[in-house]
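Since the structure comes first, as structure tokens, the remarks are kept for the end.
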Amino acid sequence: MDTLTAARAQMEVSLAFHMVFAALGIGLPLLMVIAEGLGLRTGQQHYLDLARKWSKATALTFAIGAVSGTALSFELGLLWPQFMEFAGGIIGPTFALEGFAFFIEAIFLGLYLYGWKRLSPRAHWLTGIPVAISGMLSGVLVVAANAWMQTPAGFTLENGVATNISPIAPFLAPAWLHMALHSTLSCYIATGFAVAAVYAMGMLRGRHDAYHRSALTISLALATITALLQPISGDISGKQVAQHQPAKLAAMEAHFETTANADLIIGGIPNPETGEVIGALKIPSLLSFIAKGDSDAVVQGLNDFPPDQRPNVYLAHFSFQIMVGAGIALIVIGLWYWVQRRRKRVEQSRWLQRALVLSGFLGFLALEAGWIVTEVGRQPWVIYDVMRTSEGVTPVSEVPLTFYGFSLLYTLLGIVLVYLLRQLANDTAQGDVGPAKPQKEAAYES
Amino acid sequence: MSPEILMAAVGLLAVVAYAVLAGADFGGGIWDMFASGPRRDQQRDVIAQAMGPVWEANHVWLIFIIVILFSAFPPAFRVLSIALFVPFHLVLLGIILRGAAFVFRAYSPESSRSLSGINLPRRWGTIFGIASVITPVLLGMTLSAISAGELRVQNGVIQADNTPWLSPLALAMGGLALALCAYLAAVYLTLESAGELREDFRRRALIAGTVVVALSVLTLPLLYFRAAHLWSGLVSLKAAPLILVGVAAALLSGWTLLTRHYRTARIATIVQVTCLLAGWGVAQYPYLIYPDVTLTSAAAPDSTLWFILGALPFGMAVLLPSLWFLFKVFKGSQAQEANERST
């Protein structure tokens with residue numbers, strides 16, 4: 001394995017792993033704050049039990065997110081030192097701001113997790129709010145660095161060196177706002193459905209108490225609202241990508257020839273040699289309409305770009321289809337739940353419960369697939385149109401070794417974590433694990 | 001004052017904060033590994049309780065250090081990432097395993113304690129201990145690598161024919177970092193416990209303190225012969241006051257431990273470690289990687305540096321009160337009284 005392949009593989013493994021925990025770290029605190037707030041307002045114990053349970057899941061996943069995130073901040077340099085020498089001073093300020101947000105999150109999470117007994121119920125609930133807000137903010141800020149790599153802005157290039165750097169360059173990147181919106185929504189969607197899946201599983205095993213019913217209501221309220229907003233955000237993203245990264249749009253849509261009235265290609269296997277897409281469903285003029293808002297508009301095809309500047313069309317197209325397909329399925333499942341809930345048939349509908357279990361996987365499938373579209377679509381550039389990925393990579397020859405090592409480590413950690421989270425979910429609401437051992441009757445005790 | 005020097009000062013403060021706070025968390029792991037005697041399990045419980053609420057916040061200082069390094073001094077980040085590829089990966093392995101093992105142990109269900117004869121939480125405890133020992137040693141080694149003059153950069157090319165993090169001085173500094181972490185933790189833990197347990201940690205603090213002194217004495221001739229510039233920097237007029245205060249604080253912390261004045265011991269230990277690192281910073285100035293990379297030669301454009309420096313007061317205005325609240329709730333005098341009652 002050559003260094004570039006190994007470095008890309010190690011970065012992919014590290015990010016794919018970290019992303020799951022980053023998403024949960026954004027979504028779970030919000031759910032836990034909502035549940036505790038409802039508990040304080042209604043005085044019903046099962047809401048507080050949910051808040052406690054979700055705070056434990058947050059504790060486990062946040063710690064793994066924090067250490068794998070630390071690894072990433074080192075790996076930016078360890079794997080891509082030339083890239084960081086060029087870009088460190090440009091994207092650094094976003095990481096500094098993200099650092100503050102992350103710090104606030106860690107501080108208040110410590111207070112929340114260990115403060116059940118030491119703080120008043122109201123103060124305890126209040127410490128959860130900065131966790132939810134700063135978790136979301138750190139995601140929005142760190143996406144700015146990636147957005148700048150997609151659509152670099154705020155500097156001039158002189159003989160391979162960046163000059164006239166604006167300190168807010170990453171926030172000037174046209175891709176930032178739509179990427180931040182799309183990725184934040186995807187974190188809430190993935191977390192919401194994953195949590196719902198756990199309690200749908202419980203219902204399939206015959207648990208129909210208020211604890212399970214409320215868990216579904218809260219998690220699916222968040223998941224369904226955000227899933228319904230996601231197509232709007234996706235439409236904004238699509239138009240932006242068409243404007244700023246036409247090669248990426250062409251690859252994800254498997255659109256080879258530049259034409260007006262471009263067809264939307266759904267599914268199929270692209271063949272870059274012939275420019276055909278085998279077995280695809282084609283809807284006339286729809287791509288032009290989606291990308292440009294005008295069905296007569298011209299959409300640039302992949303063949304317009306030199307062969308060494310085209311992203312991998314298989315990966316981009318497949319991942320994009322998976323993301324959109326999973327997203328649509330999630331909207332359907334979410335709406336199905338609310339229809340059944342209105343008809344008071346959630347507990348009887350075993351097919352809905354099975355679909356909800358499936359949705360737990362679909363949310364993260366969509367999230368990871370969407371990330372693959374973004375990143376594969378940027379290739380062969382590490383900074384779009386400025387620096388090639390191969391120019392950014394480290395000269396160190398041990399990378400294949402660290403790639404295998406980290407893959408093994410993350411696989412093992414993933415297995416253990418799934419085991420522990422399952423134990424946590426299978427425990428009854430009150431029977432408890434974790435550092436603070438509460439009494440049965442109350443979450444807060446003196 | 002030029003922004004890169006202010007930025008370096010901020011970075012040094014972050015290093016001090018990381019050492020004083022997260023260093024003690026590593027030390028907690030060390031004493032978890034070396035827990036012994038009739039109160040072995042209670043010792044481990046006290047350590048876990050003391051670390052639980054704060055270790056993740058303490059860990060963030062390291063992320064700050066890395067972010068400052070790559071935002072403010074990008075070329076230096078490139079050099080270190082290439083030259084210290086192996087030790088940095090080992091540091092990451094240690095950091096990941098330490099954090100993961102700590103939460104895995106804390107959130108392992110009671111039922112798994114007897115699972116087919118394997119005590120799972122204890123297994124995580126072992127990994128937690130080993131990772132807590134390895135990581136500070138490696139961090140000490142990398143600190144030596146940037147200041148001992150064995151990591152050379154000629155026209156942007158790194159001389160890769162040596163391993164600067166495995167020199168005798170690096171090994172000594174790794175050992176010193178480990179001993180300091182153990183010392184900090186044991187001193188802090190005297191304030192998290194009571195009675196016999198407190199005596200356990202007092203004894204451990206005295207042992208670690210002796211090792212710190214022994215390793216410091218061992219490191220001095222190595223500095224003199226292997227890193228003459230660092231030696232002359234440390235004994236220079238600029239660094240001398242820091243070193244003198246540091247030595248006085250070290251003596252005070254030893255004395256107050258002997259006489260069981262634990263609160264004073266904690267303050268003196270913090271001053272001791274702060275002065276040691278600040279003294280190193282002054283001796284290292286104006287280099288980031290001695291002798292080929294200076295702060296000025298590696299600095300990012302002024303606009304970037306001023307932006308980060310300008311954002312700092314706003315960030316700190318939110319951060320410092322939050323940190324103060326965290327430590328007041330879990331480390332304040334009321335919290336300590338609760339600890340004393342429960343142990």
Side-chain angles (χ1 to χ4, degrees), chain A residues 56 59-60 62-64 66-71 73-78 81-82 84-90 92-93 95-97 99-100 102-104 106-111 113-115 118-119 130 163 165-168 394-396 398 402 405 409 413 416 420 423-424 427 433-435, chain B residues 48-49 52-57 59-60 62-64 66-68 70-75 77-82 85-86 88-89 91-93 95-100 102-104 106-112 300-301 303-304 306-308 311 315 318-319 322-323 325-326 329-330 335 338:
Chain A
K56 283 175 183 172
L60 269 171
F62 182 83
I64 303 300
V67 292
S68 58
T70 309
S73 65
F74 275 84
E75 281 172 312
L76 283 174
L78 289 172
Q82 336 288 341
M84 283 306 280
E85 177 167 26
F86 179 86
I90 306 175
F95 283 95
L97 296 178
F100 281 115
F102 181 65
F103 218 140
I104 296 296
I107 291 169
F108 283 94
L109 189 65
L111 282 161
L113 294 178
Y114 289 81
R118 302 207 188 211
L119 301 165
T163 54
I165 297 169
S166 161
I168 54 162
T394 181
V396 174
E398 282 94 345
T402 55
L409 176 70
L413 289 186
V416 175
L420 287 176
Q423 295 274 320
L424 194 65
D427 255 3
V433 297
Chain B
Q49 275 169 28
V54 295
W55 75 272
E56 280 172 304
H59 170 75
V60 184
L62 177 65
I63 300 178
F64 255 42
I66 289 300
V67 170
I68 288 173
F70 73 57
S71 325
F73 308 102
F77 188 55
R78 178 187 78 92
V79 169
L80 293 179
S81 294
I82 295 170
F85 184 86
V86 174
F88 274 161
H89 268 95
V91 164
L92 288 181
L93 181 69
I95 284 170
I96 293 168
L97 282 179
R98 201 252 328 205
F102 184 80
V103 286
F104 286 174
Y107 290 91
S108 285
E110 296 287 324
S111 56
S112 69
S303 59
T304 301
W306 283 121
F307 179 79
I308 301 173
V318 185
L319 185 63
S322 308
L323 265 180
F325 185 53
L326 176 74
V329 169
F330 295 107

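Lettering follows sequence order; numbering is per chain, from 1. The figures here come from the full heavy-atom set of this structure, side chains too, leaving out hydrogens, waters and symmetry mates.
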How far does CZ of A:F103 sit from CG of B:L323, to the nearest 0.5 angstrom? 5.0 Å
Between [options], which shows the greatest number of heavy-atom pairs under 4.5 Å with chain A?
options                       : answer
B:V103, B:L80, B:V54, B:V91   : B:V103
B:F85, B:F307, B:F102, B:F325 : B:F85
B:A48, B:A311, B:G99, B:G52   : B:G52
B:V318, B:L93, B:V86, B:I82   : B:I82
B:I96, B:T304, B:V67          : B:I96

Do you know which of [options] has the most heavy-atom pairs under 4.5 Å to chain B?
options                      : answer
A:A66, A:P395, A:S166        : A:P395
A:L97, A:I64, A:T394, A:T402 : A:T402
A:A106, A:P130, A:G88, A:G69 : A:G88

Answer with side chain, backbone, both or neither: which region of [X] has an atom nearer than 4.5 Å to a non-hydrogen atom of chain A?
X      : answer
B:A100 : both
B:F77  : side chain
B:L319 : both
B:L97  : side chain
B:A300 : side chain
B:P301 : side chain
B:F104 : both

Ignoring hydrogens, what is the shortest heavy-atom contact between [X] and [Y]? Give both atom names and the distance.
X     : Y      : value
A:A96 : B:I308 : CB-CG2, 4.4 Å
B:S81 : A:P81  : CB-CB, 4.4 Å
B:V60 : A:G99  : CG1-O, 4.2 Å
B:S71 : A:G92  : OG-CA, 3.2 Å
B:E56 : A:A63  : OE2-CA, 3.0 Å

Does [X] reach the side chain of [Y], with side-chain heavy atoms less than 4.5 Å apart?
X      : Y      : value
B:L326 : A:F108 : no
B:W306 : A:P167 : no
B:L62  : A:F74  : yes

Given heavy-atom pairs under 4.5 angstrom as the criterion, report whether the side chain, backbone, both or neither of [X] touches chain B.
X      : value
A:I90  : neither
A:L420 : side chain
A:L409 : side chain

Quick one: do B:L92 and A:L78 satisfy side chain to side chain contact (heavy atoms under 4.5 Å, CB included)? Show the steps, please. CA-CA 11 Å; B:L92 288 181; A:L78 289 172; 3.9 Å; yes
